[in-house]
Participant: 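Have a look at this one before I ask anything.
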Amino acid sequence: MLLATWNVNSIRARLERLVAWLDEAQPDVVCLQELKVTDEAFPHEPIAEAGYHAAVFGQKTYNGVAILSRDEPAEVRRGWDDDPQARLLAARFGRVTVVNTYMPNGQEVGSDKWAYKLAWMERLQEELAAHHEPTEPLILCGDFNVAPDDADVAEPEVWSESVLCHPDARARLDSLRQWGLIDVFRRHHPDGGIYSWWDYRMLAFPKNRGLRLDHIFATEPLAECCTEAWVDRDERKGAKPSDHAPVLARFEL
DNA sequence: ATGGTTGCTTAGCAA
């Protein structure tokens, strides 16, 4: 199974690139974030024509997540009833559960959005613990809006106090891993220095001033059959790219 | 050079 996660920063703005990329990369499962579209306005036809089922949890203007897949999911769960933001979508394919997350950015340390981010991360862990065991085959992937380590940041001194690198956010990521998740990209690239997001401004991409914010975490039974993981940097190049590149991992099931 | 980019929605917000 080839699995990808990609923050597309508007599926309508990215549709042409997305369809071309699906055709080229041929992933089996794709977790998308920041659709910025309602369920009704989701481009179902072009995605179906590309050969993919689409489980969609949309929202007008902001957020929105989808799981595209070659096979139809057996079961789909979306978000939390009392959270109006579309940030979480889970689908099961056979025995494998795929949880797609668009974690809150947090904007500014100390703000209301920051408090929401930390609470949201904590709640996700409670949710996982309530419904799953670390011994099950499960993938948690998406845009986590956290760089796990300074090795995941081109300029750690610039970002050290930001919402993307703050110790409190990193602690919650550590806590998720301690529950029983493995950062499979890190396992294949222990030295770091590979990024998945670059600011649109200040020539960040040509200068490779990026951060690794998009992750594929897996429970041990899946992590041990993950044969490779990589960032598709080419998708950050050319006309009208997202500010995020896709992250991919191959699992020999 | 007191900014820098993109997208949604319509001048301001979010990332």
Side-chain angles (χ1 to χ4, degrees), chain A residues 5-21 31-43 46-47 56-66 79 83-89 100-121 124 141-148 152-166 168-170 172-173 195-215 231-247:
Chain A
T5 178
W6 190 11
N7 179 325
V8 290
N9 186 19
S10 167
I11 194 168
R12 286 177 292 185
R14 221 62 60 207
L15 188 58
E16 200 176 323
R17 284 193 76 132
L18 173 62
V19 168
W21 178 80
C31 292
L32 300 175
Q33 303 87 34
E34 276 207 90
L35 304 178
K36 297 186 175 181
V37 76
T38 58
D39 289 359
E40 294 70 32
F42 183 89
I47 298 298
V56 180
F57 183 22
Q59 182 184 331
K60 184 179 162 69
T61 312
Y62 302 117
N63 310 316
V65 284
D83 184 359
Q85 302 194 21
R87 297 180 172 278
L88 187 64
L89 183 64
N100 179 15
T101 179
Y102 175 46
M103 292 193 193
N105 171 284
Q107 200 161 58
E108 194 80 44
V109 172
S111 66
D112 290 352
K113 291 190 171 74
W114 171 244
Y116 174 71
K117 175 180 192 166
L118 297 180
W120 201 95
M121 293 180 77
L124 176 61
C141 69
D143 177 358
F144 286 57
N145 267 312
V146 181
D152 301 306
V153 186
E155 301 169 294
E157 66 288 352
V158 170
W159 293 93
S160 62
E161 299 303 313
S162 79
V163 293
L164 306 176
C165 298
H166 193 278
D168 291 354
R170 285 179 167 171
R172 274 157 181 78
L173 210 58
Y195 314 119
S196 67
W197 174 83
W198 300 260
D199 200 306
Y200 281 126
R201 295 167 289 187
M202 320 268 277
L203 302 173
F205 181 68
K207 295 177 174 174
N208 198 25
R209 294 178 178 165
L211 290 85
R212 189 172 70 99
L213 306 178
D214 303 273
H215 307 302
V231 173
D232 188 352
R233 288 185 95 258
D234 288 346
E235 270 310 308
R236 187 61 177 78
K237 301 173 184 172
K240 280 182 68 92
S242 168
D243 44 355
H244 295 253
V247 181

Participant: Taking atom P in both B:dT2 and B:dG7, what distance in whole Å separates the two?
Facilitator: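 Rounded to whole Å, the distance is 24 Å.
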Participant: For B:dA11 versus B:dT6, give the span between their C1' atoms, rounded off to a whole number of Å.
Facilitator: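 The same atom, C1', in both gives a distance of 15 Å.
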Participant: Looking across every strand, which nucleic acid part, if any, lies under 4.0 Å from A:Tyr102 by heavy atom: base, sugar-phosphate, or nothing?
Facilitator: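 Contact class for A:Tyr102: sugar-phosphate only.
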Participant: Using a cut-off of less than 4.0 Å, is there contact between a side-chain N or O of A:Lys113 and OP1 or OP2 of B:dA14?
Facilitator: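 Yes, within the criterion.
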Participant: Whether A:Arg201 contacts B:dA15 is assessed here as follows: a side-chain N or O lying under 4.0 Å from the phosphate OP1 or OP2. Is that the case?
Facilitator: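 For A:Arg201, the contact criterion (side-chain N or O under 4.0 Å from OP1 or OP2 of B:dA15) is not met.
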Participant: Write down the distance separating the P atoms in B:dT5 and B:dT9, rounded off to the nearest Å.
Facilitator: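 B:dT5 and B:dT9 have their P atoms separated by 22 Å.
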Participant: Hey, is CD on A:Glu161 packed in by over 12 heavy atoms from elsewhere, all under 6.0 Å?
Facilitator: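 12 or below, so no.
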Participant: When the distance from CZ of A:Arg87 to P of B:dA14 is rounded to whole Å, what number comes out?
Facilitator: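 Rounding to the nearest Å, CZ of A:Arg87 and P of B:dA14 are 11 Å apart.
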Participant: Taking the side chain as C-beta and beyond, is there a heavy-atom pair between A:Leu88 and A:Trp120 under 4.5 Å?
Facilitator: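 SC-SC contact between A:Leu88 and A:Trp120 confirmed.
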Participant: If you measure from the C1' atom in B:dA15 to the same atom in B:dG4, how many Å do you get, rounded?
Facilitator: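 Each nucleotide's C1' atom is 15 Å from the other's.
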Participant: A:Asn9 CG to B:dC13 C1': how many Å, rounded?
Facilitator: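 It is 13 Å, rounded to the nearest whole Å.
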Participant: Rounding to a whole Å, what distance do you find between A:Gln59:CD and B:dA15:C1'?
Facilitator: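 So the CD-C1' distance, A:Gln59 to B:dA15, works out to 14 Å.
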Participant: Ignoring backbone atoms, test whether A:Lys36 places a side-chain nitrogen or oxygen under 4.0 Å from the OP1 or OP2 oxygen of B:dA15.
Facilitator: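 It does not, given that no N or O in the side chain of A:Lys36 lies less than 4.0 Å from OP1 or OP2 of B:dA15.
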Participant: Whole angstroms only, please: what is the OH-C1' distance between A:Tyr200 and B:dA14?
Facilitator: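 Result: 13 Å.
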Participant: Between B:dA15, B:dT6, B:dA14, spot the one nearest the side chain of A:Glu34, thanks.
Facilitator: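 Nearest nucleotide to the side chain: B:dA15.
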Participant: May I have the distance from A:Arg209 (atom CZ) to B:dT5 (atom C1'), rounded to whole angstrom?
Facilitator: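 For the pair A:Arg209 CZ and B:dT5 C1', the rounded distance is 16 Å.
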Participant: Would a 4.5 Å heavy-atom cut-off, applied to side chains only, mark A:Ile47 and A:Leu18 as touching?
Facilitator: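 Sidechains of A:Leu18 and A:Ile47: in contact.
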Participant: Less than 6.0 angstrom separating the ring centers of A:His166 and A:Trp114, yes or no?
Facilitator: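 For A:His166 and A:Trp114, the ring centres are under 6.0 Å apart.
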Participant: Side chain of A:Gln107, heavy atoms from C-beta onward: which of B:dT6, B:dC8, B:dA15 has the nearest atom to it?
Facilitator: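 Per side-chain heavy atoms of A:Gln107, the pick is B:dA15.
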Participant: When the C1' atoms of B:dT10 and B:dA1 are compared, how many Å lie between them, rounded to an integer?
Facilitator: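 Comparing C1' positions in B:dA1 and B:dT10 gives a spacing of 29 Å.
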Participant: Where each residue is assigned the nucleotide of DNA chain B containing its nearest heavy atom, which of A:Asn7 and A:Lys60 is assigned the position nearer the 5′ end?
Facilitator: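 Its nearest nucleotide being more 5', the pick is A:Lys60.
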Participant: In whole angstrom, give the distance that lies between atom NZ of A:Lys207 and atom P of B:dG4.
Facilitator: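 Checked: the NZ to P distance equals 15 Å.
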Participant: Could you check whether A:Trp159 and A:Trp197 have their ring centres less than 6.0 Å apart?
Facilitator: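 Yes - the distance between ring centres of A:Trp197 and A:Trp159 falls below the 6.0 Å cut-off.
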Participant: Just how far, in rounded Å, is C1' of B:dA1 from CE of A:Met202?
Facilitator: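 Those two atoms, CE and C1', are 12 Å apart.
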Participant: Pick the nucleotide of DNA chain B nearest each of A:Asn63 and A:Arg14; which residue has the one closer to the 5' end?
Facilitator: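 The 5'-side residue here is A:Arg14.
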Participant: Quick one: A:Gln33 CD to B:dT6 P, roughly how many Å, whole number?
Facilitator: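 After rounding, the reported distance stands at 21 Å.
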Participant: Is the backbone of A:Leu213 close enough, under 3.5 Å, to the side chain of A:Ser196 for a donor and an acceptor to pair up by distance?
Facilitator: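 Yes; judged by distance alone, with no hydrogens or angles, the pair exists.
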